[in-house]
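Written below as structure tokens is the structure these notes are about.
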Number of protein chains: 2
Amino acid sequence: MSAAPAPALKNVKKKATAPSPRAKPGRPPRALDQDLRERILDVAEEQFSKHGYDAVSTRAVAKAAGATSAMIHYYFSTKRELFDAVFARRADILNVERMASLDAYEKRSGKDVSVEGAIEAFLAPTLARMDETEGWRYYLALVAQVGHKPQWGGEVMTRSFDPVIQRLISVIRKAMPEAADVNLYWAYHFLSGALLLTLAETDRIDRLSNGQCRSADIDAILPRMVRFAAAGFRSICGAAAK
Amino acid sequence: MSAAPAPALKNVKKKATAPSPRAKPGRPPRALDQDLRERILDVAEEQFSKHGYDAVSTRAVAKAAGATSAMIHYYFSTKRELFDAVFARRADILNVERMASLDAYEKRSGKDVSVEGAIEAFLAPTLARMDETEGWRYYLALVAQVGHKPQWGGEVMTRSFDPVIQRLISVIRKAMPEAADVNLYWAYHFLSGALLLTLAETDRIDRLSNGQCRSADIDAILPRMVRFAAAGFRSICGAAAK
DNA sequence: GTCTATAAGATGATAGAC
DNA sequence: GTCTATCATCTTATAGAC
């Protein structure tokens with residue numbers, strides 16, 4: 001349930017003169033298998049995130065992982081399935097954490113559920129991960145890109161994240177029982193856009209603000225995003241909404 | 001200043017048995033030149049938007065435009081310059097419209113500038129274009145994707161759109177003179193995310209809301225986005241902000 | 001499990017005829 | 001201005017040796 005530490009490249013260059021020093025015969029190198037598989041996932045995650053799915057070749061991933069492209073197909077069959085594995089790996093972790101966070105918030109707040117509280121419980125796990133490892137930062141930037149791709153933005157995102165979003169909205173609904181569904185969904189849409197642009201870490205805001213804001217400054221972002229979105233939810237879902 | 005109507009493909013298939021029927025000799029076909037150039041831009045816009053820059057080949061663009069890939073390089077030298085031309089074409093139009101809209105709002109509101117008014121003046125031209133032609137929808141979805149690409153999200157977006165954004169913030173500042181710059185920039189960052197996700201039109205919100213919201217329903221989006229963002233700006237820039 | 005070799009085709013870009 | 005032909009390289013994926 002905790003993050004997998006990004007393993008450093010180990011057998012970067014094993015091509016030499018002598019016949020390659022493989023695992024000792026007599027015992028299937030079970031550990032190494034998982035090692036390479038994970039290393040491929042790590043490298044693919046980084047490259048897909050940095051350059052986009054289509055700009056990355058299986059060869060490039062293989063090379064950076066210290067293997068050949070044949071190994072990519074051995075473990076993942078196709079490039080697309082490699083992507084799916086990359087995407088699902090941390091999505092599963094994130095979904096568990098978000099669900100747990102929302103559950104915990106609902107339990108401890110009892111009847112005093114607030115919009116701020118719900119949104120904070122939803123955002124905190126994700127933004128915390130963003131502050132953790134390079135791997136998570138790559139992954140979350142990849143989510144931001146996928147979320148804006150015409151086909152994938154609908155399908156992949158829906159498949160991966162819908163249950164938690166419905167859960168979030170159900171908690172917010174407890175804080176605003178009078179809110180109409182349409183308004184709740186549009187409000188989430190705006191919040192989602194704000195979150196995804198944050199995960200993208202494009203440094204746009206750094207330039208725009210002339211260095212006064214920094215894309216990766218989670219401590220500055222989280223409280224502001226919570227307040228911004230909560231006020232937004234209230235203004236379009238509240239009693240005064242048209 | 002109005003939108004260029006998307007021209008239908010005209011000379012789709014001129015490859016046949018006879019030597020290709022080119023323009024009549026004696027007069028350089030000036031009109032046709034611009035025709036093809038624009039058609040290439042239209043087609044590239046559509047394909048870059050639908051599949052992403054890296055997934056589209058110059059051959060594919062050429063074919064859809066009823067020409068050969070050599071013509072792409074004749075008019076634009078490189079694939080990247082083709083992209084830049086696609087991106088700049090409507091960015092220029094949009095920038096003029098947004099500036100004019102902000103100017104007009106500031107003029108007619110005098111001293112009574114409101115956050116809602118400024119945001120509405122900023123958003124309205126863009127969302128109106130989204131409701132106009134396929135070409136504009138493709139373009140705006142492309143902007144959303146570019147805005148989340150690691151390199152381009154910073155550089156291309158900054159180069160193309162920063163002046164209008166600074167203008168928007170300067171108008172909002174008149175409505176909230178006490179607001180700190182950092183807060184204004186972060187608030188814009190959230191608004192920008194909400195806008196870009198809207199421009200992407202991924203149908204995610206349609207699925208999530210089980211059809212209650214439609215990605216292209218500008219009449220539903222604009223007023224909600226204005227209220228949502230205005231409330232957000234006030235909540236993190238207002239006197240009560242920490 | 002890991003490699004080399006290769007199939008089968010696509011890619012960005014250019015040269016040169018017309 | 002538009003084309004065909006081509007270069008040199010890269011692409012995903014597979015076959016088969018070890």
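All figures in this text were calculated on a predicted structure; none of them were measured in a lab. Below, chains carry the letters A, B, ... as their sequence lines are ordered, and counting in each starts from 1.
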*Tell me which nucleotide among D/dT2, C/dT2, C/dG12 gets nearest to the side chain of B/Y74.*
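From the listed options, D/dT2 comes nearest.
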
_Please tell me whether A/F83 and A/W152 form a close aromatic pair, meaning their ring centres lie under 6.0 Å apart._
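Yes - the distance between ring centres of A/F83 and A/W152 falls below the 6.0 Å cut-off.
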
Between [atom2] on [N] and [atom1] on [X], what's the gap in Å once rounded to a whole number?
X	N	atom1	atom2	answer
A/I72	C/dG1	CD1	C1'	14 Å
B/K63	C/dT11	NZ	P	11 Å
A/M71	C/dC3	CE	P	6 Å
A/K79	D/dT14	NZ	P	15 Å
A/Y53	D/dT12	OH	P	8 Å
B/E81	C/dG12	CD	C1'	13 Å
B/D54	D/dC10	CG	C1'	14 Å
A/Q47	D/dT12	CD	P	12 Å

Nucleotide N/O to protein N/O under 3.5 Å, stretch nucleotides 5-9 of chain D:
| unit_1 | atom_1 | unit_2 | atom_2 | d |
| --- | --- | --- | --- | --- |
| D/dT6 | O4 | B/R59 | NH2 | 3.4 |

Is the phosphate of [N] approached by [X] (side-chain N or O, under 4.0 Å from OP1 or OP2)?
X	N	value
A/T68	C/dT2	no
A/H73	D/dT14	no
B/Y75	D/dT2	yes
B/S57	C/dA10	no

*Runs of at least three consecutive Watson-Crick or G-U pairs, both distances under 3.5 Å, are what I'm after; which ones involve DNA chain D?*
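Stem list for DNA chain D: C:1-18 with D:1-18.
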
_My understanding is that only one of B/Y188, B/W186, B/F190 makes a ring pair (Phe, Tyr, Trp, His ring centres under 6.0 Å) with A/F228; could you say which?_
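The option that passes is B/F190.
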
*I would like to know whether A/T198 and B/H189 meet side-chain hydrogen bond (donor to acceptor under 3.5 Å, both in side chains); could you show each step before the answer?*
CA-CA 8 Å; A/T198 301; B/H189 170 81; 3.0 Å; yes

*May I ask you to establish whether B/K79 and B/Y53 are in a cation-pi arrangement, using a distance under 6.0 Å from NZ or CZ to the six-membered ring centre and at most 45° from the ring axis?*
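Pair B/K79/B/Y53 counts as cation-pi.
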
*Do the numbers put A/R98 on top of the ring of A/F161, so that NZ or CZ is under 6.0 Å from the six-membered ring centre and no more than 45° off the axis?*
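Yes; both conditions hold, so A/R98 lies above the ring face of A/F161.
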
*Look at all strands and tell whether A/V56 reaches a base, only sugar-phosphate, or nothing, counting heavy atoms closer than 4.0 Å.*
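If one applies the 4.0 Å heavy-atom cut-off, A/V56 turns out to touch the sugar-phosphate alone, with no base involved.
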
*Supply the atom-to-atom distance A/T126 OG1 to A/L94 CG, rounded to the nearest 0.5 angstrom.*
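A/T126 atom OG1 to A/L94 atom CG measures 4.5 Å (nearest 0.5 Å).
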
*Atom pair CZ/OH of B/R37 and B/Y74 - distance to nearest 0.5 Å*: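 That separation rounds to 11.0 Å.
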
*Cut-off 3.5 Å, side chains only: do A/H148 and B/T202 have a donor facing an acceptor?*
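No, B/T202 and A/H148 have no side-chain donor paired with an acceptor closer than 3.5 Å.
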
*If we only count heavy atoms from C-beta on, is the A/D203 to A/R214 side-chain gap below 4.5 Å?*
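Counting from C-beta outward, A/D203 and A/R214 never come under 4.5 Å.
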
